[in-house]
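To start, the structure under review is shown below, and the notes come after it.
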2 protein chains.
Amino acid sequence: MSENSIKLRVEQIELLEKLAVLLEKEGFQPAMAKVVALLLVSDQTELTFDQIQDTLSISKGATSQAINQLLSANKIEYKTKLGERKRYFCSRVMSWQEDVKADLNNISNFNNILKQILQQRPDHTKNFNQSMERLVQFMDYLNEELPVLYRKFEEQHS
Amino acid sequence: MSENSIKLRVEQIELLEKLAVLLEKEGFQPAMAKVVALLLVSDQTELTFDQIQDTLSISKGATSQAINQLLSANKIEYKTKLGERKRYFCSRVMSWQEDVKADLNNISNFNNILKQILQQRPDHTKNFNQSMERLVQFMDYLNEELPVLYRKFEEQHS
DNA sequence: TTTTTAGTTCACAAAGTATTGAACTAACTA
DNA sequence: TAGTTAGTTCAATACTTTGTGAACTAAAAA
C-alpha cells in the first residue's frame with residue numbers, strides 16, 4: 001500500500017550505495033546487491049518485503065526476484081513471527097566467511113585448466129612452459145596452505 | 001587479407017573455450033578472454049594481430065579493442081622483429097601470479113566498507129554486530145597472513 | 001606517388017540483462 | 001463469500017554491453 005519505507009541516515013545511504021557497487025563488481029546483479037547492502041546498513045536487521053521494496057524504490061517484481069535469488073544463493077534467510085504471514089529477511093553474515101573461503105578455493109578451478117593446458121603444450125616454448133608451471137605451483141601452494149590458515153584463525157578466535 | 005588462422009587441435013579448442021568462460025566469470029569481456037586463452041593454448045606463444053583475428057573469427061575492431069585493453073591491463077605484451085612492422089603478442093604469464101595476489105588483496109576493499117558500516121551500527125543488534133566483527137577479523141587476519149605465505153613460497157622455490 | 005600493410009576509430013546493429021507493472025495465486029480474515 | 005495480505009510470474013520495455021564493418025591514419029614498399 002502506502003510507504004513502508006524505513007528511514008536511513010545520509011551516512012547509511014552512502015555506505016549502502018558504496019557496498020552495492022562493490023557487490024555488483026563481484027557479480028551480484030544491481031537489485032540483489034542493494035538488498036544485501038540494505039540488510040547490512042539498516043539499524044533493524046530484519047526487514048519485510050515491503051520495507052525492502054519501498055526503501056530501495058524498486059518494483060514488486062524486482063524485489064521478489066532479488067529476494068528469491070538471494071535465498072537460493074544462501075546470502076539471506078528469513079524468520080517468521082507467530083500470528084503474522086509476513087517474512088522478515090535478514091543477512092546471513094555468518095555465511096560470508098564461508099563465501100570468502102569458497103572464493104579463494106575458486107583458484108583451483110583455474111589451476112585445473114592451467115594444468116590441462118600444460119600437459120598438452122609442446123616441449124619447445126620451454127621458458128613459457130616453465131612460467132606456467134611456476135604459476136601452477138604457486139596456486140597449488142595456496143590451495144594447501146589456505147586451509148591451514150583457516151584452522152589457525154579458528155584456534156586463535158575461540 | 002586471406003586466412004592467417006592458425007590450426008588448433010580439438011583439445012586446444014576445448015581448453016581455449018573452457019578457459020575463456022572461466023575468465024569471463026572473472027570479469028574479462030568475451031573477446032579479451034578469448035585472446036588471452038588463445039595465447040595460452042596455442043603451440044606458438046607469439047601471434048600476430050591477423051592470426052588472432054582469423055583464428056578467433058572476430059572482427060578487426062573487436063580484435064583491436066581487446067588487444068589494446070589487454071595491453072593496458074598488462075595481461076599481454078608484444079615483441080617486434082627487426083625488418084617487420086607486425087607486432088607479436090604474447091601472454092604475460094609471469095604477471096598472473098601478481099594478479100592472483102591483487103585479487104586476494106581486494107578483500108581489504110570489502111573489509112574497509114564493512115568496518116565503516118560497523119562503526120555506525122546501533123548497539124542493540126548485538127549478535128549481528130558480533131558476527132560482522134568476526135568477519136572483519138577474519139579478513140584482517142587473511143590480509144596479514146597472505147603476504148607471509150607469499151614470502152614462504154618465494155623462499156621455498158628459489 | 002601510389003599501393004600495401006598494420007592497424008585505429010566510431011556509428012550502428014545485435015545480443016544480453018534488468019526492471020516494470022499488470023494479472024495472477026494462495027492463504028488468511030471478516 | 002468477498003476482501004485483504006503477501007507475495008509470484010511474465011510479457012513488454014528500457015538499458016547495457018559487445019561486436020561489426022566501413023572509413024580512416026600513418027608508415028613503409030613499389
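Note on naming: letters A, B, ... go to the chains in the order of the sequence lines (proteins, then strands), and numbering restarts at 1 for each one. Both backbone and side-chain heavy atoms feed into the values below; hydrogens, waters and symmetry mates do not.
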Rounding to an integer number of Å, can you tell me how far [X] [atom1] sits from [N] [atom2]?
X: F49(B); N: dT8(C); atom1: CZ; atom2: C1'; value: 8 Å
X: N68(A); N: dC10(D); atom1: CG; atom2: P; value: 13 Å
X: Y78(B); N: dA6(C); atom1: OH; atom2: P; value: 15 Å
X: L47(B); N: dA6(C); atom1: CG; atom2: C1'; value: 16 Å
X: I52(A); N: dG7(D); atom1: CD1; atom2: P; value: 9 Å
X: I67(A); N: dT9(D); atom1: CD1; atom2: C1'; value: 15 Å
X: D54(B); N: dT20(D); atom1: CG; atom2: P; value: 12 Å

Margin query: Strictly by salt bridge (charged side-chain N to carboxylate O under 4.0 Å, His left out), give each pair with a member in residues 117-138 of chain A just once, sequence neighbours left out.
Written below: R134(A)-E154(B)
Margin query: Just to be sure I understand the geometry, which residues of residues 84-92 of chain A put a non-hydrogen atom under 4.0 Å away from DNA chain D?
Written below: R85(A), K86(A), R87(A)
Item checked: Under 4.0 angstrom between S64(B) side-chain N/O and dG7(C) OP1 or OP2 ->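 S64(B) to dG7(C) OP1/OP2: no side-chain N or O under 4.0 Å.
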Check: Looking just at side-chain N and O atoms, do E98(B) and N74(B) make a donor-acceptor pair shorter than 3.5 Å?
Finding: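 No - no donor-acceptor pair under 3.5 Å links their side chains.
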Notebook entry, point to check: Is there a donor in the side chain of N143(B) and an acceptor in the side chain of N111(B), or the other way round, less than 3.5 Å apart?
Noted result: no
Checklist line | Same apolar cluster: V148(B) and L146(B), side chain cutoff 4.5 Å | finding: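 No, separate clusters.
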Checklist line | Shortest non-hydrogen separation from L71(A) to E77(A) and the atoms involved | finding: CD2-CA, 3.9 Å
Note to self: Checking K7(A) now: which residues fulfil side chain to side chain contact (heavy atoms under 4.5 Å, CB included) with it, not counting sequence neighbours?
What the structure shows: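 Here the qualifying residues are Q44(A).
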Checklist line | Counterpart residues, side chain to side chain contact (heavy atoms under 4.5 Å, CB included), relative to T55(B) (two or more places apart) | finding: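 T55(B) satisfies side chain to side chain contact (heavy atoms under 4.5 Å, CB included) with S5(B), I6(B), L8(B), L38(B) once adjacent residues are dropped.
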Checklist line | Atom pair CD/CD of Q69(B) and Q29(B) - distance to nearest 0.5 Å | finding: 4.5 Å
Next item on the list: Compute the centroid of each ring, for F153(B) and then for Y141(A), and state whether the two points are separated by less than 6.0 Å.
Entry: yes
Report each atom pair, protein N/O against N/O of nucleotides 11-13 of chain C, whose distance is under 3.5 angstrom.
none

Next item on the list: Treat primed atoms plus P, OP1 and OP2 as sugar-phosphate and everything else as base, then score nucleotides 17-23 of chain C 5' to 3': B for base contact with protein heavy atoms under 4.0 Å, S for sugar-phosphate contact only, - for none.
Entry: -SSBB--
Next item on the list: Kindly indicate, with the supporting measurements, whether the criterion side chain to side chain contact (heavy atoms under 4.5 Å, CB included) is fulfilled by S64(A) and F49(A).
Entry: CA-CA 8 Å; S64(A) 177; F49(A) 187 102; 4.0 Å; yes
Margin query: Can you tell whether the side chains of D50(B) and K60(B) come within less than 4.0 Å, N to carboxylate O?
Written below: no
